[in-house]
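Protein chains get the first letters and strands the later ones, always in sequence-line order, with residue 1 at the start of each. For the numbers below, each heavy atom of this structure counts, side chains included, while hydrogens, waters and symmetry mates do not.
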Amino acid sequence: MIRVVLPSHLRTLARIESTEVALDVDGDATQATVLDALEERFPVLCGAIRDRTSGRRRPFIRFFACRRDLSHESPDAPLPGAVRGGDEPFLIVGAIAGG
Amino acid sequence: MSSVRVLVGTRKGAFVLRSDGTRKSWQVDGPFFPGWEIYHVNGSPAEPNRIYVSQTSGWFGQQMQRSDDGGNTWEPIGNEFLYAGETGTHQWYDGTQRPWEFKRIWHLEPSATDPDVVHAGAEDAAIFRSGDGGKTWTELAALRNHDSAPSWQPGAGGMCLHTIIFDPKDPQRIFVAISAAGAFRSDDGGQSWKPINRGLVSQYIPDPGAEVGHCVHRLAMHPSRPNVLFMQKHWDVMRTDDAGESWREISGDLPTDFGFAIDVHAHEPDTVYVVPIKSDEQHFPLEGALRVYRSRSGGNQWEPLTKGLPQRDCYVNVLRDAMAVDDLDSCGVYFGTTGGQVYASADAGETWSAIVHDLPAVLSVEVQTLA
């Protein structure tokens, strides 16, 4: 079971009331498989995290876990063991807009 | 008794303003989709309780919403806008060619007769059609495949298709406008397009009379006279009497002919409204005085309408999709500002009042006249 934390705008959009979403992902969970499972369960999130055409992370979205920025990791790389084991959440974060 | 519903898109959400036909007292509902940029909210003329929304975000991309109960509740609809076939390229700021890339929907144009049919104008410039109430979208790709498309380049606001007008007497005829490519017309339901920019003169492009490349800000038509279009260009207010085959300038005695919004009185096809803006470098009214200008002669002669509008220290802008008219006997005129006011006139512009003062910056205003 993978725990996913979404930005509040996306929780509102998908009508998710809890802080975290729990997903069952087959095999070694990766960014790609977690996001596939998330979008399958909440189709309204398609295009909101990854570009629909390229499949790439949207520019102002970041992926954090275990105090690390995983945004530039391969989408197919296994997530940290603590995430795969459900001890730590996979954080989907909207980048800070400074100014 | 008739009533009106004003649909307002802002930088931080959508709002629905309601009044009876007197248009004196207003109920403000919203924000809907708080925190999101709402580029356009537009209702179906065929089923007024059906309202479409373009909801967008630099972080989370494009979402689409629909209400079937007049704006009380909303459901997400399809947001997959895929360019059809080969993507192609257009000119980028540095002169190189860059592939079309979808960014957002600027404008929604529901069908006058079928509530399930709606067209959407996109950045990068393209027109999409849905025939199932917005669940799925298909590009009318002939526009983007026009021979001139590789020469189109974005204006400062992006290469957006911001105006879609259907000829009410000929459903095969569609007018669109793109910043900064110009105006185009299809006579076959979107299967082919031609630029309709003859007569436009733009000093900010290498060939001021070029076939494409003009920064058209907005087109407006009166439904009784579909061959007549009015245009607010970057600079210049223009008019065509032959469906865009040729244009002539009607700026006349306007104090400045830069601006964004333009619209036509609901019952007087030669009564036109613009909001002159000082310049392309200073996007606010001349002398800090917010003035709508009205021509009752189809252009050239303009009169300022100021009663009820701030006449000092006003430095807001009125964006291209932020003006609309209602259909009541005494035509109502509405516009929103980047300062968050929505002004309304229930007497065709003679007097104005702010029906809401402090919204986020207004991107779009539409009005529905309800039986």
Per-residue contact mode, A:I49 against chain B (heavy atom under 4.5 angstrom): neither
Contact listing (chain B partner; residues 7-14 of chain A; heavy atom under 4.5 Å): A:P7, A:H9, A:L10, A:L13
Heavy atoms from other residues, nucleotides or ligands near CD of B:Q27 exceed 12 (cutoff 6.0 Å): yes
Flag if over 12 foreign heavy atoms under 6.0 Å of CZ, A:F60: no
Residues from residues 57-84 of chain B approaching chain A under 4.5 Å (heavy atoms): B:S57, B:G58, B:W59, B:F60, B:G61, B:Q63, B:Q65, B:W74, B:E75, B:P76, B:N79, B:E80, B:L82
Interface residues of residues 89-108 of chain B facing chain A - heavy atom cut-off under 4.5 Å: none
Summary of salt bridge (Lys or Arg N to Asp or Glu O under 4.0 Å) pairs that have at least one residue in residues 27-49 of chain A, sequence neighbours excluded: A:D28-A:R84, A:D36-A:R50, A:E39-A:R50
